[in-house]
Engineer: 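Could you have a look at this structure, given as structure tokens, before my questions?
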Amino acid sequence: MILHAVIFMVGFAIALLGAALASSASHALKRVVGAVIGFAGAALVLSELGVSEVFLIAASAIAFAHILFGAALVVRLKETYGGLDVADMDAADRESEPKERVS
Amino acid sequence: MEAALEALRSYGLAASLIAPFAGAALVALAPGVRFAWVVACVAAIATAALTLAVSVQHLFGHANTDAAASLQTDGASLFLTPVLAWCAALILIAAIKFQQEAIDRATPLVFALVLATSGGWSLALHARDWVTLLVGVEIGALAAVALAALSSERDRGGLHGALRLFSMGAVASALMLIGTAMIARGAGVDALADLPMAFVRMPALVAAGAVLVVLALAMRAALAPLHAWGGALFGRGGDLAVLVVGVIACVGAVSVLLRIASYVLPAPALGETTAFTLAAIGVASVVIGSVQAAGAVSVRRLGFYAGAAQAGCILLAAALGSPAGYSAALILTFGMAVAALAFFAGAAAAPGERPYAMEAIDGLGRRAPLAGAAMAAAALSFMGAPLTIGFLGRWQLMEASVGADWWWAASAGIAASLAGVFFGGRLIERLYFRRIVAVAAPVGAWRFSLGPALVVGIVCVALAVAPEVLLRAAGLAGADLAGVAP
């Protein structure tokens with residue numbers, strides 16, 4: 001019983017860690033890695049909760065689709081911005097950010 | 001005629017959910033941009049007509065649901081699926097104007113992704129069990145990410161917006177997977193409809209799961225303060241991506257959230273926690289969204305933040321858990337969809353090198369009267385001005401809140417309207433009382449494709465003038481969601 005609770009908590013903590021990395025990492029690739037970690041944690045929680053096979057298959061498909069989309073996005077960002085640093089992208093976008101006209 | 005009605009009763013729901021995906025497959029394979037656009041429009045209009053027919057038959061004709069094993073209808077799905085489907089059809093009609101936002105080769109795929117986004121959220125609205133709901137949500141969300149990325153040819157900032165949307169989506173997906181698994185395990189039921197009657201063995205686990213699901217959907221619905229992903233996309237994303245995310249994805253997520261709330265709130269030991277979570281996020285979204293809208297320096301971000309404030313009102317109404325509360329939430333969701341459609345379609349007509357900047361709409365009411373009127377109508381609706389759909393929704397929210405002694409919720413609705421006067425007034429002043437400064441580039445005849453979205457947006461915002469049918473439908477759907485006879 002305690003082991004189940006520990007596995008559940010560890011899985012949940014891994015999912016939260018991945019979520020934090022995916023939402024706040026300073027590098028686009030790290031964000032995708034964060035998503036992978038988040039889904040790995042979620043998979044651990046799901047298996048611990050004993051969900052149905054259909055649920056597990058759907059979860060795997062969702063995780064796989066996200067990783068695929070993330071990888072494609074990283075490639076496009078590298079081609080377009082010449083780098084994957086989120087702060088650099090912010091700075092590049094800020095250069096042409098709309099400013100209020102003084103009238 | 002009788003046979004057609006019988007066929008509609010038997011296969012209408014399944015057909016309305018298959019049509020967008022079948023259409024998307026055809027569009028993706030279609031040769032040429034214009035041919036693909038025609039096919040996409042036909043598929044979207046057919047889907048919208050089917051969903052409307054099914055909803056009318058079920059809501060007003062009290063037809064029995066004869067859906068496939070993994071599908072189910074309820075008040076939220078019947079009322080809101082036609083709204084999403086018609087918005088998607090109008091956006092697709094306008095989509096040909098934005099063909100330069102993606103490379104030629106990718107443009108048919110962009111049209112297909114609009115259909116997939118709408119189809120995914122419609123599937124989630126009709127899901128009988130958690131797995132189907134998850135699949136629907138993910139199809140809708142990932143299609144929107146792909147659309148945002150592909151529509152960034154004109155401005156690379158859109159790609160950055162797609163990254164933010166992807167990051168948020170991955171977090172929301174992980175939370176939603178865990179949350180739904182916790183609910184299914186703790187309550188011992190897979191079907192949503194079984195939840196209110198289920199014997200909940202582990203109430204703490206199910207309550208925590210419900211909170212995670214609400215948070216995940218709140219992120220997707222851009223409810224403040226979980227909407228940080230939207231700044232980049234709504235600031236610099238392509239017009240089509242902004243329309244699809246702002247109208248279909250955000251409204252779809254709010255609709256699914258409303259639907260899930262209606263199943264979780266009556267469940268023993270879950271209602272209180274869920275209602276508190278919904279109300280807390282709702283109030284936060286009203287306050288933060290209104291403040292951000294007042295300080296926005298980008299016209300599309302202003303619409304995005306105003307939408308967040310409106311979505312906050314929807315959550316407040318849903319948290320009441322009463323027929324009147326659900327009815328108000330449905331009217332508010334309808335109002336959010338049509339106001340966002342009018343606003344973002346109007347904003348897409350703004351000229352200049354930086355069409356997203358506030359100064360781009362200076363004098364737009366004189367240069368493009370229809371687009372200006374649509375934006376003004378949307379602004380009036382966001383502020384809850386009388387005779388607009390926004391007013392009708394807020395009025396219903398206040399009636400339902402006061403009826404339940406939730407004075408603070410009514411106050412939040414009034415605060416949203418007061419803040420709306422500030423940013424809405426500023427917008428209208430720019431539209432009609434400022435000198436035109438943006439230099440208009442030559443535009444082709446395709447700009448007229450925005451017309452239907454603008455006209456329908458204005459008409460729907462003004463539906464509050466004669467709201468009998470809308471109120472009746474919302475009343476029936478709200479009663480269905482609350483599980484009481486109308």
Side-chain angles (χ1 to χ4, degrees), chain A residues 8 11-12 15-16 18-25 28 31-32 34-43 45-52 54-59 61-63 65-70 72-74 76-77 79-81 84 86 89-90 92-93 96-101 103, chain B residues 129-132 134-135 137-139 141-142 145-146 148-150 152 155-157 159-178 180-182 184-186 190 205 209 219 228-229 232 235-236 297-299 301 353-354 356-360 362 434-435 437:
Chain A
F8 178 86
F12 195 69
L16 286 184
L21 195 61
S23 56
S24 61
R31 290 191 176 216
V32 178
V36 175
I37 293 171
F39 282 117
V45 173
L46 260 55
S47 60
E48 184 47 43
L49 288 171
V51 295
S52 64
V54 179
F55 202 119
L56 278 176
I57 292 168
I62 289 167
H66 270 90
I67 293 164
L68 214 63
F69 271 65
L73 209 50
V74 162
R76 282 287 291 134
L77 282 164
E79 285 173 357
T80 311
Y81 281 90
L84 292 172
V86 176
M89 288 180 216
D90 280 333
D93 288 346
S96 48
E97 186 71 6
K99 299 277 190 304
E100 281 286 314
R101 184 171 56 91
S103 56
Chain B
D129 54 71
W130 291 109
V131 175
T132 312
L134 278 169
V135 171
V137 167
E138 293 303 328
I139 290 172
L142 284 172
V145 173
L150 286 175
S152 60
D155 189 336
R156 65 181 180 177
L159 204 56
H160 188 190
L163 175 70
R164 303 269 180 175
L165 188 60
F166 165 79
S167 306
M168 176 280 303
V171 174
S173 291
L175 292 181
M176 190 135 172
L177 279 172
I178 296 173
T180 49
M182 284 161 81
R185 164 77 172 164
D190 286 329
L205 186 75
M219 282 181 185
W229 57 269
R236 304 290 295 276
V297 294
S298 156
V299 64
R301 280 186 193 159
E353 286 180 352
R354 298 188 307 162
Y356 41 78
M358 270 295 191
E359 63 198 41
D362 285 357
R434 290 225 182 173
R435 199 160 44 86
V437 289

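Each chain gets a letter, A, B and so on, in the order its sequence line appears, and its residues count up from 1. In this text the structure is predicted, and so the values were computed from the model without any measurement. Below, each value reflects all heavy atoms present in this structure, side chains not excepted, and no hydrogens, waters or symmetry copies.
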Engineer: By ring pair (Phe, Tyr, Trp, His ring centres under 6.0 Å), which residues pair with B:W130, not counting sequence neighbours?
Structural biologist: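 Not a single residue meets the ring pair (Phe, Tyr, Trp, His ring centres under 6.0 Å) criterion with B:W130.
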Engineer: Checking heavy atoms, do the side chain of A:A15, its backbone, both or neither come under 4.5 Å from chain B?
Structural biologist: side chain
Engineer: For residues B:A170 and A:F39, report the shortest heavy-atom separation together with the two atoms involved.
Structural biologist: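 So the minimum-distance heavy-atom pair works out to O-CZ, 3.9 Å.
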Engineer: Go through the atoms of B:S152 and report whether side chain, backbone, both or neither lie under 4.5 Å from a heavy atom of chain A.
Structural biologist: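 Interface part for B:S152: side chain.
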Engineer: Excluding sequence neighbours, so at least two apart, what forms side-chain contact (heavy atoms from CB on, under 4.5 Å) with A:V86?
Structural biologist: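 Result, side-chain contact (heavy atoms from CB on, under 4.5 Å) vs A:V86: A:R31, A:D90, B:H160, B:L163, B:R164.
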Engineer: Only pairs of heavy atoms separated by less than 4.5 Å count here; which of B:A172, B:S167, B:G169 has the most with chain A?
Structural biologist: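 Highest number of heavy-atom pairs under 4.5 Å: B:S167.
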Engineer: I need the minimum non-hydrogen distance between A:S23 and B:V171, along with the two atoms involved.
Structural biologist: CB-CG2, 4.1 Å
Engineer: Report yes if the side chains of A:V51 and B:R185 come closer than 4.5 Å at any heavy-atom pair, otherwise no.
Structural biologist: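 With C-beta onward as the side chain, the pair stays apart.
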Engineer: Look at B:I139, B:L134, B:T180, B:L177 and state which one has the largest set of heavy-atom pairs under 4.5 Å with chain A.
Structural biologist: B:L177
Engineer: Are A:L49 and B:L205 packed together at the side-chain level, in the sense that at least one heavy-atom pair is separated by less than 4.5 angstrom?
Structural biologist: yes
Engineer: Out of A:V45, A:L77, A:I67, return the one with the most heavy atom pairs under 4.5 angstrom to chain B.
Structural biologist: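 It is A:L77.
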Engineer: Looking at A:T80 and B:L159, what are the two nearest heavy atoms and their distance?
Structural biologist: OG1-CD2, 3.3 Å
Engineer: Do you know which of B:A174, B:A232, B:S173, B:A149 has the most heavy-atom pairs with chain A at a distance under 4.5 angstrom?
Structural biologist: B:S173
Engineer: Give the member of A:G70, A:A58, A:A28 that has the highest number of heavy-atom pairs under 4.5 Å with chain B.
Structural biologist: A:G70
Engineer: Are side-chain heavy atoms of A:F55 and B:D190 found at a separation under 4.5 Å?
Structural biologist: no
Engineer: What part of A:A22 gets within 4.5 angstrom of chain B, counting heavy atoms only: side chain, backbone, both, or neither?
Structural biologist: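 Interface part for A:A22: both.
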Engineer: For A:F8, is it the side chain, the backbone, both or neither that has a heavy atom under 4.5 Å from a heavy atom of chain B?
Structural biologist: side chain
Engineer: If I compare all heavy atoms of A:F69 with all of B:L142, which pair ends up nearest, and what's the gap?
Structural biologist: CE2-O, 3.2 Å
Engineer: Just verifying a value: how many Å separate B:L150 CG and A:R76 CZ, rounded to the nearest 0.5 Å?
Structural biologist: 8.0 Å
